[in-house]
Amino acid sequence: MPMTAAGGTPDGEDPFPGSSAGPVGRAPAIRPFLVTAGRVTGASTGPPMPVETQVVTTAAGIAGLDLLSFERHDIVALCRVPQSLAEAAARLKLHLNVVRVLAEDLQSSGELAVYVPNTDTAQDASVLKRVINGLRAIPDSRGTLRDTE
């Protein structure tokens, strides 16, 4: 590429040949701290919600859905069917802590109802055994049951 005495390119020549002035593809994802305004906790003062916390849209959330913006709208719309925080984050392709912070905000404003699981139940061996047995009772893609041991 020819250069001028000042080190620039001659008038009318593209300084970056092969590049186009058009769009270069999808814009990078928004940083999580921008979505939460730099906050790492929600509106509540207690400990953060566990990832298995179930969230579901309230009647107020459905009524005000069109007034919510961006990620808040998506969370409330998704949670018409109860979801865990982990499920909502995965389905919306958002960082888990972003969903946690926004869910706490939405709970404070009445758009989401939150159901935190009882930690004693989660550590009960009989509950885990029932879950394992339930999973084994689900037929595989061929319609056969898994080993029951």
Side-chain angles (χ1 to χ4, degrees), residues 1 8-9 13-149:
M1 168 193 249
T9 58
E13 285 193 31
D14 187 358
F16 303 104
S19 67
S20 68
V24 293
R26 193 172 171 188
I30 295 175
R31 298 279 184 197
F33 63 86
L34 291 174
V35 177
T36 62
R39 295 175 302 125
V40 293
T41 60
S44 68
T45 57
M49 292 182 198
V51 298
E52 66 272 13
T53 299
Q54 297 289 305
V55 289
V56 64
T57 303
T58 63
I62 291 171
L65 186 62
D66 293 335
L67 302 175
L68 298 171
S69 60
F70 306 112
E71 292 82 9
R72 293 172 192 264
H73 175 277
D74 294 343
I75 292 169
V76 172
L78 177 70
C79 292
R80 290 178 187 166
V81 174
Q83 308 281 318
S84 71
L85 290 179
E87 289 172 311
R91 288 195 171 127
L92 296 173
K93 294 181 176 67
L94 290 172
H95 190 279
L96 177 60
N97 206 46
V98 168
V99 174
R100 181 181 284 144
V101 170
L102 295 179
E104 289 177 5
D105 291 348
L106 291 165
Q107 176 193 18
S108 297
S109 59
E111 279 100 1
L112 284 183
V114 174
Y115 302 97
V116 180
N118 182 346
T119 56
D120 295 334
T121 303
Q123 296 174 357
D124 184 359
S126 67
V127 172
L128 294 175
K129 187 166 181 92
R130 287 194 313 245
V131 169
I132 291 169
N133 290 338
L135 291 171
R136 285 184 177 148
I138 299 172
D140 65 11
S141 61
R142 297 175 303 231
T144 58
L145 294 178
R146 292 169 179 79
D147 187 350
T148 56
E149 291 192 33

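All values below were derived from every heavy atom in this structure, side-chain atoms included, with hydrogens, water molecules and symmetry-related copies excluded.
- Residues that satisfy the side chain to side chain contact (heavy atoms under 4.5 Å, CB included) test with Ile62, not counting sequence neighbours, are Thr57.
- Between Glu71 and Leu92, the closest side-chain pair of non-hydrogen atoms is not below 4.5 Å.
- The minimum heavy-atom distance between Cys79 and Leu112, with the atom names listed, is CB-CD2, 3.9 Å.
- Summarising the geometry, atom CG belonging to Leu102 is positioned 12.0 Å from atom NE2 belonging to His95; distances are rounded to the nearest 0.5 Å.
- To the nearest 0.5 angstrom, Leu65 atom CG is 12.0 Å from Ile75 atom CD1.
- With sequence neighbours excluded, the residues that form a side-chain hydrogen bond (donor to acceptor under 3.5 Å, both in side chains) with Ser84 are Glu87.
- Between Gln107 and Met49 there is a side-chain heavy-atom pair separated by less than 4.5 Å.
- Contacts of Ala60 classified as side chain to side chain contact (heavy atoms under 4.5 Å, CB included), with partners at least two apart in sequence or in another chain: Thr58.
- Scanning both residues, Ala88 and Val99, for their nearest heavy atoms gives CB-CG1, 4.1 Å.
- Going from atom CG of Leu68 over to atom CD of Glu111 covers 5.0 Å, rounded to the nearest 0.5 Å.
- A heavy-atom distance below 4.5 Å is found between the side chains of Arg100 and Val51.
- Nearest heavy atoms, Val76 versus Gly61: CG1-O, 3.7 Å.
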